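One structure is given here, and the rest of the page talks about it.
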Number of protein chains: 2
Amino acid sequence: MLTSTAAQSALAADSAASPGPAVSSPPQQRSRRATPRAAGRTGTRSAARCSSCAMRQLCMPQGLAPDELSKLETLICSARSVHRGDTLYRSGDSFDNIYAVRSGSMKTVMAHRDGREQVTGLRLAGEALGLDGISDDRHACSALALEDSTVCIVPYTALKSLCREIGSMQERLHKLLGEQIVREAAQMMVLGSLSADERVAAFLLDVSERNAQRGYSWAEFNLRMTREDMGSYLGMTLETVSRTLSRFQKRGLIDTQGKHIRIVDLDGLRQV
Amino acid sequence: MLTSTAAQSALAADSAASPGPAVSSPPQQRSRRATPRAAGRTGTRSAARCSSCAMRQLCMPQGLAPDELSKLETLICSARSVHRGDTLYRSGDSFDNIYAVRSGSMKTVMAHRDGREQVTGLRLAGEALGLDGISDDRHACSALALEDSTVCIVPYTALKSLCREIGSMQERLHKLLGEQIVREAAQMMVLGSLSADERVAAFLLDVSERNAQRGYSWAEFNLRMTREDMGSYLGMTLETVSRTLSRFQKRGLIDTQGKHIRIVDLDGLRQV
DNA sequence: CGTATGTTTGAACTCCCTCAACTAGTGTGG
DNA sequence: CCACACTAGTTGAGGGAGTTCAAACATACG
């Protein structure tokens, strides 16, 4: 149920361009340090345009006509890589860009004044990021890479102009904003009303569905978050997350080893 | 800390037009049934334009030049009254309008499939409502009046056009959407990381601040929500809300009788 | 003015947290 | 290459914050 309407942002309008029926889990970097590490801790910028093949399956272009898409591409498309654990932006940073996760995954966290942190979001490839900065020109959250990732950079000011020119572009941005509003409201409901078991189940189903809608397997995936991240996102301790997953495994609902999760009994998971 | 940036939406650009230093609590309808009840359970539509005096202190016009404001006014301004307990829209209703609470207050609720409901938002006069419908042309939440209230109706399609004509209008809508995203993220943090005491304190401070920014007293207000609504919004039971308020009163932080709340020790409340 | 709805408070219970110990990976440096 | 440290995950035992159940009280709505 959780955010069932939200994940469509990851799908291309042109379904034929989807990444195909990848039955197994997404292409994980088995050897995590395989890619030569670029200089600098903050990741690198690439002047190269996002190739249209990459763009089509990302969140922004959905519903755009080809000529509009090309306008978007001239606008957007510098990319940036962010290494695992590094921040894409920090709470308080000036807001200049919206991002789309091109590969990898990220989390957003919000800090209380006393230092406590709460994970407020998980972004998989194809999902939008950075919308928390619109309201007052500073980011309200920080965004960290859960694994080595790349993002497309969309300059907000230019995007705004484009939205005034192209109706479908405006429509797309509004949907993106609206989706995040609904997703967050659904998460408030998870945090406010569900038991620990229900929260974990809802989370797994949410990730599963988002994976499926990006053309990957709904049944099997690697969650790059730690138990602590999951706990923070779900409003519980890492121990309770771990115990819950173990119990789900004993009940035959899932099969986990570490970060790799396989959903065995989808309906069972839905029923709590 | 909670959503400190959000409430500015209620302020008019022209500060001289603010409702003035109302030291006491907002003008509540003491005799609640004083206004003759119009026919029909769903409230009435009024063809009358929102007078500019009313509009200026509402959320939409902030940051608009006079001529742009008048364009907005020709667009918007049918109003509707919603009686206490009645719904302005329901989850699943087709999304046609955005609303601005003109008087009174409303709550938004989201339902789980099994029937459990979660209060996902509280809207005071001057705040925007209905943004949960943008993402898929159906409302994801329901909106109910906490007291007899009136709202301005802003047709979304027309608003979109206007946003393409007028940059400041686009800006305003984006801010509105961005503010809700940040507000909800902050509430996720409340639900996920704070203790019961902290949640109640954060809530009172949030309402206090929003009241203040609308020109009313930060120290004293009527919360039209029930303890159950508060509990739902804060992820706890009505009994715990009640106990917490009682304890705050014993500690000299607040003074409550029923729905009327007076903040005695603002700093104390901030320190938990 | 009476009844339904909302609020307060108490007492027992329980779900989840806290603290702790142990295991298994992963990266580092000798 | 192994030993080491370090981070991440699992599992257990005990305790506590908040829930549940219940009953009395207050408020306000029709």
Side-chain angles (χ1 to χ4, degrees), chain A residues 28-34 37 83-85 107 116 119 144 146-148 190-201 222-232 234-250 254-261 272, chain B residues 28-37 41 83-86 107 116 119 144-148 190-201 222-250 254-261 272:
Chain A
Q28 298 121 19
Q29 294 168 267
R30 285 280 170 218
S31 55
R32 202 162 300 107
R33 270 290 123 72
R37 180 153 182 162
H83 290 290
R84 192 168 74 91
K107 67 174 175 181
R116 274 177 291 185
V119 174
L144 290 89
L146 293 168
E147 59 195 301
D148 290 357
V190 167
L191 290 167
S193 300
L194 304 192
S195 70
D197 281 15
E198 292 170 323
R199 289 181 207 193
V200 173
N222 257 37
L223 257 187
R224 310 310 276 256
M225 302 175 102
T226 65
R227 299 290 186 257
E228 184 164 25
D229 285 333
M230 288 178 59
S232 173
L234 298 175
M236 51 207 259
T237 59
L238 67 96
E239 292 96 330
T240 303
V241 172
S242 178
R243 273 186 255 271
T244 305
L245 290 173
S246 298
R247 223 171 325 107
F248 282 1
Q249 179 146 16
K250 279 186 195 116
I254 61 172
D255 190 42
T256 69
Q257 24 192 7
K259 294 187 168 32
H260 186 85
I261 291 179
V272 167
Chain B
Q28 299 121 18
Q29 295 166 269
R30 285 280 172 219
S31 54
R32 204 160 298 108
R33 270 291 123 70
T35 37
R37 179 156 182 160
R41 297 204 53 87
H83 290 289
R84 193 171 74 90
D86 287 346
K107 66 173 175 181
R116 273 176 292 185
V119 174
L144 290 89
L146 293 169
E147 60 194 300
D148 290 357
V190 167
L191 291 167
S193 302
L194 304 192
S195 70
D197 282 14
E198 291 170 323
R199 290 181 205 192
V200 173
N222 256 36
L223 256 187
R224 310 310 275 257
M225 301 174 104
T226 64
R227 300 291 186 258
E228 184 164 26
D229 285 333
M230 288 177 59
S232 173
Y233 184 59
L234 297 175
M236 50 206 262
T237 59
L238 68 96
E239 291 94 331
T240 304
V241 172
S242 179
R243 272 186 255 271
T244 305
L245 290 173
S246 297
R247 220 169 329 107
F248 282 1
Q249 177 145 19
K250 278 187 197 113
I254 62 172
D255 190 40
T256 70
Q257 26 192 8
K259 295 189 167 30
H260 187 85
I261 292 178
V272 170

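What you are looking at is a predicted structure, and each value in this text was computed from that prediction instead of being measured. Protein chains get the first letters and strands the later ones, always in sequence-line order, with residue 1 at the start of each.
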Write down the atom of His83(A), the atom of Asp148(A), and the distance for their closest heavy-atom approach. CA-OD1, 3.4 Å
Gln249(A): what forms a side chain to side chain donor-acceptor pair (under 3.5 Å) with it, not counting sequence neighbours? Asp255(A), Thr256(A)
Hey, could you give me the CG/CE distance between Leu238(B) and Met225(B), rounded to the nearest 0.5 Å? 12.5 Å
From CD of Glu147(B) over to C1' of dC29(D), roughly how many Å is that when rounded to an integer? 15 Å
Nearest whole angstrom, please: distance from the P of dC15(C) to the CZ of Arg247(A). 10 Å
Give the rounded distance in Å between these two atoms: NZ of Lys250(A) and C1' of dT11(D). 8 Å
Taking side chain to side chain donor-acceptor pair (under 3.5 Å) as the definition, give me every residue that meets it alongside Arg116(A), ordered by chain and number, with sequence neighbours left out. Asp114(A), Glu198(B)
Taking five pairs at each terminus, the helix from dC1(C)-dG30(D) to dG30(C)-dC1(D) shows an axis bend, to 10°, of 50°
With side-chain contact (heavy atoms from CB on, under 4.5 Å) as the test, pick out the partner of Val200(B) among Ile254(B), Leu234(B), Val272(B), Thr240(B). Leu234(B)
Collect all protein-nucleotide pairs involving nucleotides 19-24 of chain C in which both atoms are nitrogen or oxygen and the distance is under 3.5 Å.
residue: dC19(C); atom: N4; partner: Glu239(A); partner atom: OE2; Å: 3.2

By nearest atom, which of the nucleotides dG18(D), dG9(D), dC16(C) is closest to the Ser195(A) side chain? dC16(C)
Looking at dC16(C), I'd like to know if its phosphate oxygens (OP1 or OP2) sit under 4.0 Å from a side-chain N or O belonging to Thr237(A). no
For the CG atom of Leu146(A) and the CG atom of Asn222(A), what is their distance to the nearest 0.5 Å? 12.0 Å
What pairs with Ser246(B) under side chain to side chain donor-acceptor pair (under 3.5 Å), at least two apart in sequence or on another chain? none
What pairs with Ser193(A) under side chain to side chain donor-acceptor pair (under 3.5 Å), at least two apart in sequence or on another chain? Gln118(B)
At under 4.0 Å, does any side-chain N or O of Thr240(A) touch on OP1 or OP2 of dC17(C)? yes
Once you apply a heavy-atom cut-off of 4.0 Å, does Leu238(B) come out as touching a base, just sugar-phosphate, or nothing? base
Using whole Å, what does the distance between atom C1' of nucleotide dT7(C) and atom CG of Asp229(B) come to? 13 Å
For a quick check of understanding: with a heavy-atom distance under 4.0 Å over all strands, which category does Gly85(A) fall into, base, sugar-phosphate or nothing? nothing
Side-chain heavy-atom pair Leu191(A), Arg199(A) within 4.5 angstrom cut-off: yes
Short side-chain N/O contact to dG9(D) OP1/OP2 from Lys259(A), under 4.0 Å: yes
Any Ser246(B) side-chain nitrogen or oxygen under 4.0 Å from OP1 or OP2 of dT8(C): no
Side-chain atoms of Ala196(A) come closest, of dC16(C), dT7(C), dC29(D), to dC16(C)
